[in-house]
Structure formats: C-alpha cells, structure tokens
Amino acid sequence: MYKNSCMCLHSLTFKCHLSLQHSKAMKATLRYLAGMAGPSGFGSNSTAEQVTEDCSSFLPSAALTALITGASSGIGAETARVLAKRGVRVVIAARDLKKAREVKKNIQKETPKAEVILLEIDLGSFGSVQRFCSEFLALELPLNILINNAGMFSQNLEFSEDKIEMTFATNYLGHFLLTEILLDKMIETAEKTCIQGRIINVSSVIHSWEKKDGFRFNDILSGKKYNGTRAYAQSKLANILHAKEIAKQLKARNARVTINAVHPGIVKTGIIRAHKGLITDSLFFIASKLLKTTSQGASTTCYVALSPKTEGISGKYFADCNECKCSSLANDESEAQKLWNNTHALLHKRLRQATI
C-alpha cells in the first residue's frame, strides 16, 4: 500500500513538473511572439538601432574600435552598420573582400564619417588567422570590442586545410585562435583607456541539442558519424564553453575585459520564402512570426557590445537582449576547462609543426 502510494505521489509530482515546464515554455513562447521586453527593457522585436539608441551618451569621446568577423553579410553586416552609426571604428574581418567592400560602401553612404577597415581572413585556416592578426596588430589600433560572429553550416562532411572538420574549425577553432592572439591587445587597450573591453561570441540556442556523451573532442575534429546539424550544435556549444572559460581566466588576471555569448535568434532568409509553395499560407504565416529580421538578429550582439547595462557582466549567455539560461552542459565549468585545454594543446601542436 505504502509503495503504491509513493509511486502515485511520484507520478503526480512528475506530471506537475512536466506541466510546470510546459507552462514556462508556453509563457516564454508567448513573450517571444509578443516581443515583450525583459529586464533590459528590450525583447525579441527590438532592433539593433533601438538597443543602441541611448548608448551614444555613454560612449567615450575617442572612437572605440570593434573587430567583427563575418561582417560581409547578414547579422555581421548589420552589426557593423549600427556600430559605425554610433561612432565606432569598425574593422571587418571577412573571407570575401568583394562583399565586404560593398558593405563598407553602404555604411559610408549612410554614415559618411564612418571609419571602416577591411582585412581578409579565413577562419577555417590557422595560417590565415595568424596572418590576419599580424596585419591588424601592425595597424597599431586600439581594440575595445571583438565580435566573433562568423559562422558556417555544412550539410556534408568537409575538412579545413588543417584537416579538421570544417564547421568546428571555422565556427570555434578559428575564433579561439583569433581571441587568443588578440587578447593581450584588448587587455592593454583597456588599461590605457580605462574603458572595459568586450568580447562577444555569437552562439545559438541549438547548442542545447548536444549532450555530454556525444561531445568528444577528437571525434568532433575527425567528423566521426557526421551530421550537419549536430556539427553546428557542437560548434555553438563550444562557443559558449569558450566564453565561460575565458571569463574565468580574465577574472583571475584582474583584466578589464569581459566575454559573453549571445543567441541572435533564427533570422529570416530567402530559404523559407523559396519553399513557400511547399507549405500552406497559414503555416508560412506562423513560421514568419517566429523568425527575426536581420536588424532584430543583430540586436543582442549590439546590446552586449555597447550597453552600459552589460558593464562588468562576463561569462554569461544572452538572448533577445536579456541574460538567460544556457544548457547545463554549456554551464559546466569542468567541461569548459577541458575543452580549453584540449584546444590549446591542439593549436600549440599544429602551429609548432607549421614552423618546423
């Protein structure tokens, strides 16, 4: 009798828990669809211009310098445009300089006094990242903001020139190396200017799809049992773990530099519109409401980069311009340290081999 009562009580508790989780998810979805503002005063419908509108009065008289990867299109290009509009010197790190030149032209058409610098980088190549950093450091510019924005998704298994699975190499390893090389420059800039440096890793809510038993460093590098979506999720999980570990290291160094990860949202592209004929008008309408415009997609990055409200906040995860929870695996400090150790050892080995 007692056993049956306990089982019934456990079953009831479990059902209540599921009901509560479902209720929370429903409320979160409704808040997202309605664009309701969170504690920051902004929400899913906020645009990059809106979230930075009041930042100008807080910005220093001397121009800040922001380095943005993958700013030749999409969210990166919009981030560059808005930061330039707010008086920030923008360095666009891009693989396609032709597209980058077009972005620069459009920015300076809107903001004639904007300072936009273009430099070539291929984040899938360790050699290219090193060359880029040498070129940037030779300019002797300050570095206040580093936005690790570039990303790729590949349905098919591909390898970088360093013989590493391409999605992980581009989305995570390239940005890890870039941050590693430029970190001292950011710390130095913060010390000289007394302005806190900010690093932003653009991640994704998809990071939560990856579980601990499948997150094996060597398997990821080799593309073992490759699945495009899973590879993307692994790289985005790594972006958050990277932010967590670097935040801890920066705190230990008493450095005036913060690092955070952001989820930009799922942004409208031509893909859904191209497939509109395959779904009903009602389903297309619902899907379109769940997607963001490019400017809405860039809002969280711009908010974390410039808002005085994010001053001193480090090692956190933001979505819709508000701090929020990431997955338990992404929040695992030991996992973050293990990933950093493995990555550091890999890069040290590969870069040493390249110099021999």
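Residue numbers start at 1 and run along the sequence shown.
- Panel note: side chain H263, backbone A319; no donor-acceptor pair is recorded below 3.5 Å.
- V82 and I107 are members of different hydrophobic clusters when ILVMFWY side chains are connected at heavy-atom separations under 4.5 Å.
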Inset, instruction - List the steps and the verdict of side-chain contact (heavy atoms from CB on, under 4.5 Å) for F136 and I181. - result: CA-CA 11 Å; F136 172 77; I181 297 173; over 6 Å; no
Legend entry - Residues L241, W340; criterion side-chain contact (heavy atoms from CB on, under 4.5 Å); working and verdict: CA-CA 8 Å; L241 291 169; W340 188 91; over 6 Å; no
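- Taking each heavy atom of P264 and I75 in turn, the nearest pair found is CB-CD1, 3.8 Å.
- A side-chain donor-acceptor contact under 3.5 Å links R256 to the backbone of C194.
- Q196 places a side-chain N or O within donor-acceptor distance of the main-chain N or O of G312, the cut-off being under 3.5 Å.
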Legend entry - Worked verdict on T189 versus T65 for side-chain contact (heavy atoms from CB on, under 4.5 Å): CA-CA 10 Å; T189 299; T65 300; over 6 Å; no
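- Atom CZ of R89 sits in a crowded spot, with more than 12 heavy atoms from other residues, nucleotides or ligands closer than 6.0 Å.
- T170 places no side-chain N or O within 3.5 Å of a backbone atom of L123 that could act as its donor or acceptor partner.
- With T310 contributing its side chain and I313 its backbone, the two residues share no donor-acceptor pair below 3.5 Å.
- Taking CG of L182 as the reference point, atom CG of L137 lies at 5.5 Å (rounded to 0.5 Å).
- In this structure, the side chain of S299 does not engage the main chain of A48 through any donor-acceptor pair within 3.5 Å.
- When all heavy atoms of A336 and E245 are compared, the pair lying nearest together is O-CB, 4.0 Å.
- N322 and S40 are linked by a side-chain donor-acceptor pair at a separation below 3.5 angstrom, with hydrogens and angles left out of the test.
- The closest side-chain heavy-atom distance from H348 to R352 is below 4.5 Å.
- Between I240 and K244 the shortest side-chain heavy-atom distance falls below 4.5 Å.
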Legend entry - CA sep, side-chain torsions, deciding dist, call: Q296, S44, side-chain contact (heavy atoms from CB on, under 4.5 Å): CA-CA 7 Å; Q296 289 169 341; S44 61; over 6 Å; no
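- The side-chain heavy atoms of F126 and L173, taken from C-beta on, include a pair separated by under 4.5 Å.
- Across every non-hydrogen atom of S327 and L237, the tightest pair is OG-CD1, 4.5 Å.
- No continuous path of ILVMFWY side-chain contacts below 4.5 Å connects V205 to L329, so the two sit in separate hydrophobic clusters.
- N260 has its side chain within reach of T258: a pair of non-hydrogen atoms, C-beta onward, lies under 4.5 Å apart.
- Contact check on R81 versus E49 returns a salt bridge, with a Lys/Arg side-chain nitrogen under 4.0 Å from an Asp/Glu carboxylate oxygen.
- Scanning all heavy atoms of the two residues, the minimum distance from Q155 to Y226 falls at O-CE2, 3.5 Å.
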Inset, instruction - Report the C-alpha separation of H242 and N201 in whole Å, then their side-chain angles, then the decisive distance to 0.1 Å, and conclude whether the side-chain hydrogen bond (donor to acceptor under 3.5 Å, both in side chains) test is met. - result: CA-CA 8 Å; H242 177 231; N201 284 357; 3.0 Å; yes
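- Hydrophobic clustering (side-chain heavy atoms under 4.5 Å, transitive across Ile, Leu, Val, Met, Phe, Trp, Tyr) keeps I92 apart from M152.
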Legend entry - Full working for side-chain hydrogen bond (donor to acceptor under 3.5 Å, both in side chains) between Y172 and T343: CA-CA 10 Å; Y172 168 65; T343 306; 2.7 Å; yes
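- One distance of note links NZ of K85 with NZ of K113; it measures 15.5 Å at 0.5 Å rounding.
- Scored by the side chain to side chain donor-acceptor pair (under 3.5 Å) test, Y317 finds no partners at all (sequence neighbours excluded).
- We find the CD1-NZ distance between I259 and K251 to be 15.5 Å, quoted to the nearest 0.5 Å.
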Inset, instruction - I would like to know whether D54 and K309 meet salt bridge (Lys or Arg N to Asp or Glu O under 4.0 Å); could you show each step before the answer? - result: CA-CA 11 Å; D54 298 327; K309 293 179 183 177; over 6 Å; no
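- I145 and L64 get closest at one heavy-atom pair: CD1-CD1, 4.3 Å.
- The shortest non-hydrogen separation linking M186 to I199 is SD-CG1, 3.5 Å.
- In this structure, the separation between CZ on R86 and OG1 on T111 is 9.0 Å, given to the nearest 0.5 Å.
- Judged purely by atom type and a 3.5 angstrom limit, N239 has no side-chain atom pairing as donor or acceptor with the backbone of S203.
- Here the straight-line distance linking atom OG of S160 with atom CZ of F168 works out to 11.5 Å at 0.5 Å rounding.
- Remark: E102 does not engage K99 in a salt bridge, criterion side-chain N to carboxylate O under 4.0 Å.
- Side chains of N171 and S235: a donor-acceptor N/O pair is present below 3.5 angstrom, by distance only.
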Legend entry - Criterion salt bridge (Lys or Arg N to Asp or Glu O under 4.0 Å) on K185 and E188, from CA distance to verdict: CA-CA 5 Å; K185 182 65 177 180; E188 177 192 307; 3.8 Å; yes
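- Between E311 and R198 there is a salt bridge, since at least one side-chain N of the basic residue sits less than 4.0 Å from a carboxylate O of the acidic one.
- Side chains of Q337 and E333: a donor-acceptor N/O pair is absent below 3.5 angstrom, by distance only.
- With contacts defined as side-chain heavy-atom distances shorter than 4.5 Å, the pair L221/L346 qualifies.
- Considering R131, Q130, E161 in turn, E161 is the only one that fulfils the side-chain hydrogen bond (donor to acceptor under 3.5 Å, both in side chains) rule with S125.
- K236 places a side-chain N or O within 3.5 Å of a backbone atom of V202 that can act as its donor or acceptor partner.
- Using a 4.5 Å heavy-atom threshold, the side chains of S208 and C326 count as separate.
- Note: N144 CG to L141 CG = 10.0 Å, rounded to the nearest 0.5 Å.
- Put simply, the side chain of T69 gets close to the backbone of A150: a donor and an acceptor are under 3.5 Å apart.
- For K316, there are no salt bridge (charged side-chain N to carboxylate O under 4.0 Å, His left out) partners at least two apart in sequence or on another chain.
- At least one side-chain heavy atom of F153 sits less than 4.5 Å from a side-chain heavy atom of T229.
- Residues L178 and C133 are in side-chain contact: their nearest non-hydrogen atoms beyond the backbone lie under 4.5 Å apart.
- For the 3.5 Å distance criterion, the side chains of T179 and N148 qualify, holding a donor opposite an acceptor.
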Inset, instruction - List the steps, then state whether side-chain hydrogen bond (donor to acceptor under 3.5 Å, both in side chains) holds for S334 with D332. - result: CA-CA 6 Å; S334 63; D332 188 328; 2.6 Å; yes
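- One finds a salt bridge joining D184 and R253 here, because a Lys/Arg side-chain nitrogen approaches an Asp/Glu carboxylate oxygen to under 4.0 Å.
- By the criterion of side-chain heavy atoms lying less than 4.5 angstrom apart, applied directly or through intervening Ile, Leu, Val, Met, Phe, Trp or Tyr residues, V129 is grouped together with L119 in one hydrophobic cluster.
- Under 3.5 Å, the side chains of Y232 and S204 contain no donor-acceptor pair of N or O atoms.
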